[in-house]
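What follows is a set of notes on a single structure, which appears directly below.
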Amino acid sequence: MTTSDWGDWLPREIADADPDGVDAWYLGCNGFVLKASDGTTVLVDPYVGTGSPPRTIRMIPVPFDPDDVEHADAVFATHEHTDHVDEGSQAPILEATGADYYAPDDSLDVVAEEDWQADYDIGDDQLVEVAEGDTLDVGSFTVHVVETDDADATHPVGYVFEHDAGTFFHAGDSKPSDSFSDVGERFDIDAAALAFGTVGNVPDKETGVPARTRWYNDENQIIECASDLRVDRLVPTHYDMWKGLTADPTVLHHHAKSFAYPRDLEIVEIGDRITL
């Protein structure tokens with residue numbers, strides 16, 4: 001079990017928050033909590049694991065203990081990778097809150113293979129398979145499941161969270177996708193979370209030999225995504241997480257300034273809160 005470096009202050013802050021519309025907290029890596037004015041609370045890709053050294057080494061604090069999360073209406077997974085589908089990070093939340101777990105088929109296969117239900121009291125009805133084109137209601141959010149493009153994943157999806165106060169798009173670890181222009185036309189996206197990182201040497205999973213690795217968007221790819229999506233605010237993610245693949249998101253100001261979209265660059269650090 002991972003222990004939070006910050007105690008329980010972040011779950012308490014979220015629980016005590018009373019947003020006027022929708023507020024979002026960045027959990028580091030690619031995790032977010034969205035909370036609406038009516039109290040509806042959803043988590044996307046929350047991860048508090050430390051990786052698998054020496055291949056993946058966590059570079060940021062563990063911001064919360066899953067056991068300290070007392071309320072959640074839903075948890076969403078974008079794809080099957082460990083830092084997006086993780087028993088230790090997510091199963092305790094599902095057990096304690098009764099939240100539904102929305103995920104594509106290959107992500108739910110991980111849940112079955114790891115047998116989360118053997119270790120935690122999670123009902124079959126809490127595990128809900130989603131696919132591109134689905135639309136679902138979670139409290140005051142309408143959530144659209146959209147196509148993304150992450151060649152490193154077997155079945156990735158993205159989520160458009162619509163609310164009267166604004167629209168938030170979580171693209172998982174997607175790079176530029178043919179679908180993004182259509183998504184940008186269909187939805188007025190106020191803020192979009194897009195994965196950003198550098199190229200680095202990461203030990204191969206099988207051999208342990210360092211290999212040139214790019215898992216996330218580079219500077220040009222992330223702006224291409226934001227431009228196609230026509231987002232008002234680009235929120236870079238994942239740049240803080242893994243040793244050897246970290247990046248400086250402030251450089252994106254230079255890459256974005258000649259494009260109509262994104263209109264603004266919102267750089268968040270782990271634990272930061274933004275308002276739609």
Review point. Between Glu80 and Thr154, does a side-chain hydrogen bond (donor to acceptor under 3.5 Å, both in side chains) hold up when you go through it step by step?
Key: CA-CA 7 Å; Glu80 77 286 350; Thr154 56; 3.3 Å; yes
Exercise for review: Decide yes or no on ring-ring contact (aromatic ring centres under 6.0 Å, His included) for Phe64 and Trp9, but give the supporting numbers first.
Suggested key: CA-CA 8 Å; Phe64 70 96; Trp9 78 262; over 10 Å; no
**Study point:** Side-chain ion pair, Lys35 and Asp23, N-O less than 4.0 Å
**Key:** no
**Study point:** Check: Phe141 ring centre within less than 6.0 Å of His163 ring centre
**Key:** yes
Review point. Under the 3.5 angstrom rule, does the side chain of Arg58 hit a backbone N or O of Pro61 as a donor-acceptor pair?
Key: yes
**Study point:** Verdict with supporting geometry, Thr250 and Leu252, side chain to side chain contact (heavy atoms under 4.5 Å, CB included)
**Key:** CA-CA 5 Å; Thr250 63; Leu252 297 176; over 6 Å; no
Check your understanding: In terms of heavy-atom contacts, does CG of Asp38 have more than 12 from other residues, nucleotides or ligands at under 6.0 Å?
Key -> yes
Check your understanding: Any donor-acceptor pair under 3.5 Å linking the side chain of Glu266 with the backbone of Ile274?
Key -> no
Point to revise | Intermediate values then yes/no, side chain to side chain contact (heavy atoms under 4.5 Å, CB included), Val157 and His155 | key: CA-CA 7 Å; Val157 299; His155 187 183; 4.0 Å; yes
Check your understanding: Does a salt bridge link Asp8 with Arg12, judged by any charged N lying under 4.0 Å from a carboxylate O?
Key -> yes
Review point. Would a 4.5 Å heavy-atom cut-off, applied to side chains only, mark Asn217 and Cys225 as touching?
Key: yes
Check your understanding: Looking only at atom types and distance, does a side-chain atom of Thr41 sit under 3.5 Å from a main-chain N or O of Gly39, one as donor and one as acceptor?
Key -> yes
Check your understanding: Any sub-3.5 Å donor-acceptor pair from Gln90's side-chain atoms to Glu87's backbone N or O?
Key -> no
Check your understanding: Going by the salt bridge (Lys or Arg N to Asp or Glu O under 4.0 Å) test, which pairs reach into residues 119-144, not counting sequence neighbours?
Key -> none
Review point. Applying the side-chain contact (heavy atoms from CB on, under 4.5 Å) test to Pro46, which of Val33, Val69, Val75 qualifies?
Key: Val75
Review point. Got Thr246 and Met241 here, is their nearest side-chain heavy-atom distance under 4.5 Å?
Key: no
Check your understanding: Could you go step by step and tell me if Ile270 and Asp272 meet the side chain to side chain contact (heavy atoms under 4.5 Å, CB included) rule?
Key -> CA-CA 6 Å; Ile270 183 172; Asp272 282 353; over 6 Å; no
Check your understanding: Do the side chain of Arg212 and the main chain of Asn201 share a donor and acceptor less than 3.5 angstrom apart?
Key -> no
Point to revise | Ile122 reachable from Val110 in the ILVMFWY side-chain graph, under 4.5 Å edges | key: yes
Point to revise | Val22 and Thr275, any side-chain heavy atoms less than 4.5 Å apart | key: no
Review point. If you round to the nearest 0.5 Å, how far is CD of Glu185 from CG of Asp188?
Key: 13.0 Å
Exercise for review: Flag the pair Leu10 / Trp25 as yes when at least one side-chain heavy-atom distance between them is below 4.5 Å, and no otherwise.
Suggested key: yes
**Study point:** Trp116 side chain reached by Tyr101 side chain, heavy atoms, under 4.5 Å
**Key:** yes
Review point. Where the side chain of Thr40 meets the backbone of Ala36, is there a donor-acceptor pair that is under 3.5 Å apart?
Key: no
Review point. Is the shortest side-chain N to carboxylate O distance from Asp264 to Arg233 below 4.0 Å?
Key: no
Study note, to complete from the structure: Result for ring-ring contact (aromatic ring centres under 6.0 Å, His included) between Phe161 and one of Phe187, Phe169, Phe32, Phe76 points to Phe76
Practice item. Give a yes or no answer on whether the side chain of Thr167 reaches the backbone of Glu162 with a donor-acceptor pair at less than 3.5 Å. Key: no
**Study point:** Polar side-chain atom of His84 near backbone of Val44 as donor-acceptor pair, under 3.5 Å
**Key:** no
Practice item. Output yes when a side-chain donor or acceptor of Glu114 lies under 3.5 Å from a complementary backbone atom of Val111, and no otherwise. Key: no
Review point. Are any of the side-chain heavy atoms of Arg230 and Ile189 separated by less than 4.5 Å?
Key: no
Exercise for review: Look at the side-chain heavy atoms of Ile, Leu, Val, Met, Phe, Trp and Tyr, link any pair under 4.5 Å apart, and say whether Tyr239 and Val202 land in one connected group.
Suggested key: no
Exercise for review: Determine yes or no for a side-chain-to-main-chain donor-acceptor pair under 3.5 angstrom, with Asp240 supplying the side chain and Gly28 the backbone.
Suggested key: no
Check your understanding: Could you go step by step and tell me if Thr97 and His71 meet the side-chain hydrogen bond (donor to acceptor under 3.5 Å, both in side chains) rule?
Key -> CA-CA 5 Å; Thr97 67; His71 174 73; over 6 Å; no
Review point. Which residue, Asn30, Thr148, Asp45, Asp150, forms the side-chain hydrogen bond (donor to acceptor under 3.5 Å, both in side chains) with Thr78?
Key: Asp45
Check your understanding: Is any side-chain heavy atom of Val48 closer than 4.5 Å to a side-chain heavy atom of Pro66?
Key -> yes
Exercise for review: Report yes if the side chains of Phe196 and Tyr216 come closer than 4.5 Å at any heavy-atom pair, otherwise no.
Suggested key: no
